[in-house]
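As structure tokens, the structure follows; a few thoughts come after it.
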Amino acid sequence: MIIELKDNIDAEQATRLAEVARAFLIHDGASHVLINSSSEKELPRELEPHTEQFFVFADDMQLASRKYRSQTRGVRFGNTVIGGDSKNTVVIAGPCSVESEAQIRQSSNLLRELGIGTLRAGCYKPRTSPYSFQGMGLDGLKLLGKMRDEFGLSIITEVRDASQVDEVIEHTDIIQIGAKAMYDQGILRKCGKAKQPVLLKRGFGSTLQEFVQAAEFILSGGNQNVMLCERGIRTFETKTRFTLDLCGVAYLKEHTNLPVILDPSHAMGYAYGVADLARACTAMGVDGLLIEVHPTPACAKSDASQQLDHRQFKDLMATLHPIAAAVGRKIV
Ligand code: PEP
Ligand code: MN
């Protein structure tokens, strides 16, 4: 149940009422909001005089539900708004990993040339093998911070465990929670206490319900700046790396109030399919796209097979604008 308290309730009263309702207390927009278990059906009597409105839910999708907030939540970073009433399809691009200053500078220059404001690159890589490149860590974060200052870019990078959240916040603008970390309670709770936007990727073995419940951990912690990212799930098919769940995207757009971003790069796993998938995603009217692009993909230290080169990325970008326009959106 979500209980929106009346305007005249101060923080101290709200804390006491949260105890009465055995509820989380958060600030959503201007109001104090209490959330307790979705199986609660009756408003506690003591709360009645202090309640503006309340919502009862059949399942554990609460703060993320369109039944609670019918409009897509707006998430702001730098000069960019994703969701809200923006009608933006925000392109987030960059190499899989930060590898060197020269490499990440080339990526930043590409984004500047194309008027793209959000650079994504990993410094803490959750690799399947301990013998693969694990990312540059803090040195990489510092390079991203440098690109942010020099190029005025918003930066998104991944945390591999909760201990990295503070340093990622210090050097970048958006926290990415990767597919393998979607269930990590430590990361979810820590991000719930942060103010920075969070891009939560769907675990490749997760149902939509589990995906949204992971987002609820962040929302109920108090951070309302959550974006969902579909990046492909594991099916019986092995010819492509994963299977991009576009039906799932339609579900998320219909039932949740969170911006939805699509990642065709990790889904496909091979550069040859990424442009067509990115166009299909754009035609779905999503809030954002996450695309991996590298100055020399063949030499990339991670995800070499799926990264577009700069020429391929420029050609793709040119084709996205009319598709976005056809569905009433704008590529940003
Ligand atoms: C990534 O974004 O580079 C990444 C590791 O993605 P995922 O968590 O979706 O596998
Ligand atoms: Mn990658």
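Start at 1 and go down the list; that is how both ligands and their atoms are numbered.
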Review point. Which residue owns the protein heavy atom closest to atom 2 (O) of ligand 1, what's the atom, and how far is it?
Key: Arg120 NH1, 2.4 Å
Exercise for review: Using a cut-off of 6.0 Å, state whether more than 12 heavy atoms not belonging to Glu12 lie near its atom CD.
Suggested key: no
Review point. Which residue owns the protein heavy atom closest to atom 6 (O) of ligand 1, what's the atom, and how far is it?
Key: Lys201 NZ, 3.0 Å
Check your understanding: In Asp303, which N, O or S atom comes closest to the Mn ion (ligand 2)?
Key -> OD2
Review point. Evaluating non-hydrogen atoms only, which member of Gly94, Cys229, Ala179, Pro95 is closest to atom 8 (O) of ligand 1?
Key: Ala179
Review point. Of all the heavy atoms in Gly122, does at least one lie under 4.0 Å from an atom in ligand 1?
Key: no
Exercise for review: For atom 10 (O) of ligand 1, find the nearest protein heavy atom and state the residue, atom name and distance (0.1 Å precision).
Suggested key: Arg231 NH2, 2.8 Å
Check your understanding: Relative to Phe133, does Arg127 satisfy both conditions: NZ or CZ under 6.0 angstrom from the six-membered ring centre, and within 45 degrees of the ring's axis?
Key -> no
Point to revise | Beyond-backbone contact of Gln164 with Ile187, side-chain heavy atoms, under 4.5 angstrom | key: no
Point to revise | Whether His255 and Tyr251 hold their rings parallel, tilted or perpendicular, with breakpoints at 30° and 60° | key: tilted
Point to revise | Polar proximity ligand 1 side, Asp263 side, N/O cut 3.5 Å exclusive | key: no
Exercise for review: Kindly determine whether Ser154 and Arg148 satisfy side-chain hydrogen bond (donor to acceptor under 3.5 Å, both in side chains), including the steps that lead there.
Suggested key: CA-CA 6 Å; Ser154 296; Arg148 172 168 72 172; over 6 Å; no
Check your understanding: Taking atom NZ of Lys87 as the centre, does the number of heavy atoms from other residues, nucleotides or ligands within less than 6.0 Å exceed 12?
Key -> no
Review point. Taking a hydrophobic cluster as the set of Ile, Leu, Val, Met, Phe, Trp and Tyr residues connected by side-chain heavy atoms closer than 4.5 Å, whether directly or through intermediates, do Tyr68 and Val226 fall within one such cluster?
Key: yes
Point to revise | Atom indices of ligand 1, in the order listed, that fall short of 4.0 Å to a heavy atom of Gly178 | key: 8 (O)
Check your understanding: Does one hydrophobic cluster hold both Phe151 and Met317, with members joined at side-chain heavy-atom distances below 4.5 Å?
Key -> yes
Review point. Rounded to 10°, how big is the angle at the Mn ion (ligand 2) from His266 NE2 to Glu292 OE2?
Key: 90°
Check your understanding: For atom 4 (C) of ligand 1, what is the nearest protein heavy atom, given as residue, atom name and distance?
Key -> His266 NE2, 3.3 Å
Practice item. Report, in ascending order of atom number, the atoms of ligand 1 lying under 4.0 Å from any heavy atom of Cys96. Key: 3 (O)
**Study point:** Heavy-atom nearest neighbour in the protein, as seen from atom 5 (C) of ligand 1, with distance rounded to 0.1 Å
**Key:** Glu158 OE1, 3.7 Å
**Study point:** Gln176 touching ligand 1 at heavy-atom level, < 4.0 angstrom
**Key:** yes
Check your understanding: Can you list the ligand 1 atoms lying under 4.0 Å from a non-hydrogen atom of Glu292?
Key -> 3 (O)
Study note, to complete from the structure: Partner of Cys191 under side chain to side chain contact (heavy atoms under 4.5 Å, CB included), picked from Asp184, Ile169, Ile175, Leu200, is Ile175
